[in-house]
Number of protein chains: 2
Amino acid sequence: MTKSNQSIEEKIENLKQRCQELGMRITTQRIEIFKEVASSCEHPDAETVYERVKKRLPNISFDTVYRTLSSLEEMNMIFRVDSLLPKARFDADRRTHIHFLCIKCGEVYDIFPKDGYEIKIPDNSKDFGEIKDINLQVRGICNKCRH
Amino acid sequence: MTKSNQSIEEKIENLKQRCQELGMRITTQRIEIFKEVASSCEHPDAETVYERVKKRLPNISFDTVYRTLSSLEEMNMIFRVDSLLPKARFDADRRTHIHFLCIKCGEVYDIFPKDGYEIKIPDNSKDFGEIKDINLQVRGICNKCRH
DNA sequence: TTTCTTATTAAGAATTATTCTTATTAAATA
DNA sequence: TATTTAATAAGAATAATTCTTAATAAGAAA
């Protein structure tokens with residue numbers, strides 16, 4: 001994760017550029033799906049993305065949403081936040097932050113640490129393969145679920 | 001996660017004790033399912049646990065495996081390692097360690113850090129709820145998938 | 001021990017999330 | 001503008017998980 005804080009427009013420009021670099025077509029669906037994840041701070045799941053994009057592109061298919069979310073993930077434009085439910089959630093915020101994951105309701109909250117905070121990983125981590133990303137979760141019962 | 005390194009027998013004794021404390025019955029299925037996760041270091045998924053326990057308890061049902069894995073998780077006896085696939089994997093090792101998660105094949109590797117290593121979380125993490133566990137993942141392409 | 005209560009289980013149906021198949025469409029290039 | 005082919009829509013298929021119901025067995029009580 002980086003520290004840049006861009007506007008949606010900048011993020012979309014960035015996506016278009018990455019598509020061109022990779023020889024991928026810039027399609028309306030790809031842009032709209034990315035825009036939906038990038039403009040939400042609530043880590044939507046595939047179904048939520050589908051419902052929302054459908055309002056602007058009524059013919060969009062579920063398959064396109066899944067396929068596009070996966071390709072955006074491979075491009076490193078979005079991050080798959082694994083919930084404990086059998087249902088993936090997505091995040092387009094690539095700034096350093098960690099997730100509070102409620103083990104009761106499955107909700108995911110962003111925790112933005114103070115400047116200077118850094119996630120340290122063991123030195124031997126790279127012995128297992130090529131590191132692409134780091135994901136730190138704090139799991140517990142969220143305030144809402146505690147009443 | 002704690003630092004204790006117990007034998008399987010001790011872990012099972014511990015489970016029985018926890019069951020009694022919580023007023024839960026000590027059933028053969030519960031013990032065998034836990035034993036399977038606790039004696040494996042490969043983070044088995046529900047199906048794998050089912051296949052293995054089935055050898056000793058041929059009548060065990062899939063539902064019992066799922067239900068029991070969830071209750072063991074709630075009891076904090078096992079940990080749900082979320083893989084990126086829509087398939088949960090489980091870990092009964094409660095010592096401090098982190099996971100290397102291959103984004104290509106879904107394999108999960110344990111990384112045991114040197115003494116003194118500690119996962120630091122932001123101070124405001126507890127503002128979101130009651131913290132039960134911390135999960136640090138390193139995601140990338142494992143050596144096997146890089147050829 | 002035997003009986004009783006009820007948590008737990010087996011079986012299999014149902015549901016939910018995700019992926020696949022095929023024909024069609026449209027982005028990028030010539 | 002025509003051509004090529006990556007990307008898409010539709011909906012069927014699959015895979016993981018959960019639910020429903022009747023039967024079983026763990027632990028408490030007699």
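Residue numbering restarts at 1 for every chain, and letters A, B, ... go by the order of the sequence lines.
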Review point. Distance only, no hydrogens: is a donor on one side chain within 3.5 Å (strictly under) of an acceptor on the other, for B:N76 and B:R94?
Key: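 The criterion, which ignores hydrogens and geometry beyond distance, is satisfied for B:R94 and B:N76.
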
Exercise for review: Examine the side chains of A:S70 and A:R67 and answer whether a donor and an acceptor come within less than 3.5 Å of each other.
Suggested key: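 No, A:R67 and A:S70 have no side-chain donor paired with an acceptor closer than 3.5 Å.
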
Expressed as a whole number of angstroms, how long is the span from [X]:[atom1] to [N]:[atom2]?
{"X": "B:L84", "N": "C:dT19", "atom1": "CG", "atom2": "P", "result": "11 Å"}
{"X": "A:L69", "N": "C:dT19", "atom1": "CG", "atom2": "C1'", "result": "13 Å"}
{"X": "A:D82", "N": "C:dA17", "atom1": "CG", "atom2": "P", "result": "16 Å"}
{"X": "A:N59", "N": "C:dT24", "atom1": "CG", "atom2": "C1'", "result": "12 Å"}
{"X": "B:I33", "N": "C:dT9", "atom1": "CD1", "atom2": "C1'", "result": "10 Å"}

Point to revise | Main-chain N/O of A:K120 paired to B:Y117 side chain as donor or acceptor, under 3.5 Å | key: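 Looks like yes, one N/O pair under 3.5 Å.
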
Check your understanding: Which ILVMFWY residues can you reach from B:F112 by hopping between side chains whose heavy atoms are under 4.5 Å apart?
Key ->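 Joined to B:F112, directly or through intermediates: none.
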
Exercise for review: Measure the acute angle between the ring planes of A:F128 and B:Y109, then classify it against the limits of 30° and 60° as parallel, tilted or perpendicular.
Suggested key: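 Geometry flag for B:Y109 against A:F128: tilted rings.
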
Point to revise | same_hphob_cluster(A:V81, A:L85) at 4.5 Å side-chain heavy-atom cutoff | key: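 They do not share one cluster, since no chain of ILVMFWY contacts under 4.5 Å joins A:V81 to A:L85.
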
Practice item. Would you work out how much the helix from C:dT1-D:dA30 to C:dA30-D:dT1 bends between its ends, with each end axis defined by five base pairs, to 10 degrees? Key: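 Answer for the end axes of this duplex: 40°.
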
Review point. When all nucleic acid strands are considered with a 4.0 Å heavy-atom cut-off, which category describes B:I60: base, sugar-phosphate, or nothing?
Key: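 The answer is sugar-phosphate, as B:I60 gets under 4.0 Å only of primed atoms, P, OP1 or OP2.
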
Check your understanding: Using a cut-off of 4.0 Å between protein heavy atoms and nucleotide atoms, how would you tag nucleotides 17-30 of chain D 5' to 3' with B, S and -?
Key -> BBB-----BBS---

Exercise for review: Using the side-chain contact (heavy atoms from CB on, under 4.5 Å) rule, take A:C19 and A:R30 through it: C-alpha gap first, then chi angles, then the decisive distance, then the call.
Suggested key: CA-CA 10 Å; A:C19 282; A:R30 198 164 276 165; 4.0 Å; yes

Check your understanding: Any salt bridge between B:K132 and B:E74, counting N to O under 4.0 Å?
Key ->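 Between B:E74 and B:K132 there is no salt bridge, as every charged N stays at least 4.0 Å from the carboxylate O atoms.
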
